[in-house]
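Keep in mind that this is a model prediction, so the values were computed, not measured. Whatever order the structure lists ligands and atoms in, that order sets their numbers, starting from 1.
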Amino acid sequence: MTYKLHPLQSIPAELLPRIAEIHLGDAGLLSKLGYSFVLRYFENAIQDKQAFGFYAQSEETAEVMGFSLASPEPSSLTSKLTEDKAWFIRNIFKVIFTRPWAFLQMVISSITIRGQMYEPNTIECVYFTVDPKFRGQGLGRALQKALMDEGRKRGYKKIYASVETWNTASLKATQANGFKIIKTFREGLYHRHRLESEL
Ligand SMILES: CC(C)(COP(=O)(O)OP(=O)(O)OC[C@H]1O[C@@H](n2cnc3c(N)ncnc32)[C@H](O)[C@@H]1OP(=O)(O)O)[C@@H](O)C(=O)NCCC(=O)NCCS
């Protein structure tokens with residue numbers, strides 16, 4: 001399998017739904033809110049001035065295989081979802097009626113995020129996801145490593161990640177990239193390791 005990594009910020013608009021589709025394979029809260037939230041999130045993320053990321057594209061078929069995203073302030077990406085109030089209310093009501101537990105988790109997570117202080121000169125590995133067809137071949141690790149290299153170039157000193165304790169693939173890739181577990185915590189339904197690495 002041969003691929004190239006491209007900056008997420010320069011992804012052609014017609015490929016963004018594919019990023020959203022791949023992201024639905026992530027077990028985190030955003031994917032549980034559904035496709036419309038995921039697509040809106042990435043539409044905002046590629047226009048955000050501080051966030052950066054990469055997508056992997058097959059050199060043989062041009063298929064998008066996976067992506068990664070980092071930000072020094074991930075909560076600003078989440079709060080952008082509420083900027084268009086009419087859109088947010090329409091879509092959040094669908095979540096309340098169809099997946100009430102996802103709504104409850106969203107409330108718990110937004111309270112937790114509000115309490116989080118961001119250290120200067122640090123970034124968060126917000127997401128890295130690979131299409132199931134291409135997993136287990138080092139792509140996840142390469143996409144996360146690209147965030148670390150770019151973060152270092154931009155002058156950041158440290159990178160953080162939160163990984164659910166059961167997520168062996170993510171933990172293996174993240175630890176192979178040099179991250180160390182600094183604490184384990186509960187956030188609503190989620191039980192997570194907090195990891196960090198120097199850049
Ligand atoms: C996490 C994820 C991005 C890893 O992508 P990937 O391309 O498979 O990652 P890599 O091949 O670089 O490394 C994964 C490692 O986990 C191992 N692995 C993969 N699936 C595994 C599983 N189910 N159980 C145990 N180990 C597993 C691989 O063998 C590899 O280890 P190795 O380097 O020792 O061989 C991918 O599994 C994914 O998209 N998961 C869903 C989204 C997600 O959880 N993202 C991370 C959120 S924190």
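- Considering only non-hydrogen protein atoms, atom 5 (O) of ligand 1 sits nearest to Gly140 CA, 3.5 Å.
- Atoms CD1 and CG, on Ile96 and Asn91 in that order, are 11.0 Å from each other to the nearest 0.5 Å.
- Within ligand 1, the atoms closer than 4.0 Å to a non-hydrogen atom of Gln137 are 11 (O), numbered from 1 in the order shown.
- At a 4.0 Å heavy-atom cut-off, ligand 1 does not touch Leu143 at all.
- By the 3.5 Å distance cut-off applied to N or O atoms, Val130 is counted among the residues near ligand 1.
- Only the backbone of Ser162 comes within 4.0 Å of ligand 1, judged by heavy-atom distances.
- With hydrogens and angles disregarded, no donor-acceptor distance shorter than 3.5 Å links the side chain of Thr61 to the backbone of Ser58.
- Within ligand 1, counting atoms from 1 as listed, the ones closer than 4.0 Å to a heavy atom of Gly136 are 6 (P), 7 (O), 8 (O), 11 (O).
- Among protein heavy atoms, atom 25 (C) of ligand 1 sits closest to Thr168 CG2, 3.5 Å.
- Atoms CD and CZ, on Glu198 and Phe179 in that order, are 11.0 Å from each other to the nearest 0.5 Å.
- Ring-plane geometry between Tyr156 and Phe52 is classed as parallel, the angle between the planes falling under 30 degrees on a 0 to 90 degree scale with a further cut at 60.
- Using cut-offs of 30° and 60° on the angle between ring planes, the pair Phe37 and Trp87 is perpendicular.
- The hydrophobic cluster containing Ile22 does not contain Leu5, counting ILVMFWY residues as joined when their side-chain heavy atoms lie under 4.5 angstrom apart, directly or transitively.
- In this structure, atom 35 (O) of ligand 1 is not in close contact with the protein, since no protein heavy atom lies within 4.0 Å of it.
- You'll find the ring centres of Phe42 and Phe67 inside the 6.0 Å limit.
- A distance of 8.0 Å separates OG1 in Thr184 from CG in Leu195, rounded to the nearest 0.5 Å.
- Shortest contact from atom 13 (O) of ligand 1 to any protein heavy atom: Ala173 CB, 3.9 Å.
- Side-chain contact annotation: Ser31 with Asp26, donor-acceptor N/O pair under 3.5 Å absent.
- Within 6.0 Å of CZ on Phe88 lie more than 12 heavy atoms contributed by other residues, nucleotides or ligands.
- Atom 48 (S) of ligand 1 has as its closest protein heavy atom Ser170 OG, 3.3 Å.
- At a distance under 4.0 Å, no protein heavy atom can be found next to atom 23 (N) of ligand 1.
- Taking 4.0 Å as the cut-off, Ala176 does not count as a neighbour of ligand 1 on heavy-atom distance.
- Linking ILVMFWY side-chain heavy atoms closer than 4.5 Å, directly or via other members, places Tyr3 and Phe128 in two distinct hydrophobic clusters.
- Looking at atom 44 (O) of ligand 1, its nearest protein heavy atom turns out to be Asn167 ND2, 2.7 Å.
- With Arg192 contributing its side chain and Arg186 its backbone, the two residues share no donor-acceptor pair below 3.5 Å.
- Summary of contacts: the protein heavy atom closest to atom 20 (N) of ligand 1 is Ala169 CB, 3.5 Å.
- Close N/O approach between Gly138 and ligand 1 is found [any backbone or side-chain N/O within under 3.5 Å].
- Comment: Glu83 does not engage Lys80 in a salt bridge, judged by the lack of any side-chain N to carboxylate O separation of less than 4.0 angstrom.
- The closest protein non-hydrogen atom to atom 42 (C) of ligand 1 is Asp26 OD2, 3.6 Å.
- Between Phe128 and ligand 1, a contact under 3.5 Å exists for at least one N or O pair.
- Contact annotation for Lys172 and ligand 1: only side-chain heavy atoms (C-beta onward) come within less than 4.0 Å of the ligand.
- There is no protein heavy atom closer than 4.0 angstrom to atom 29 (O) of ligand 1.
- Within ligand 1, the atoms closer than 4.0 Å to a non-hydrogen atom of Arg141 are 12 (O), numbered from 1 in the order shown.
- The contact set between ligand 1 and Arg135, taken as ligand atoms under 4.0 Å from a residue heavy atom, comprises 7 (O), 8 (O), 36 (C), 37 (O), 38 (C), 39 (O), 40 (N), 41 (C).
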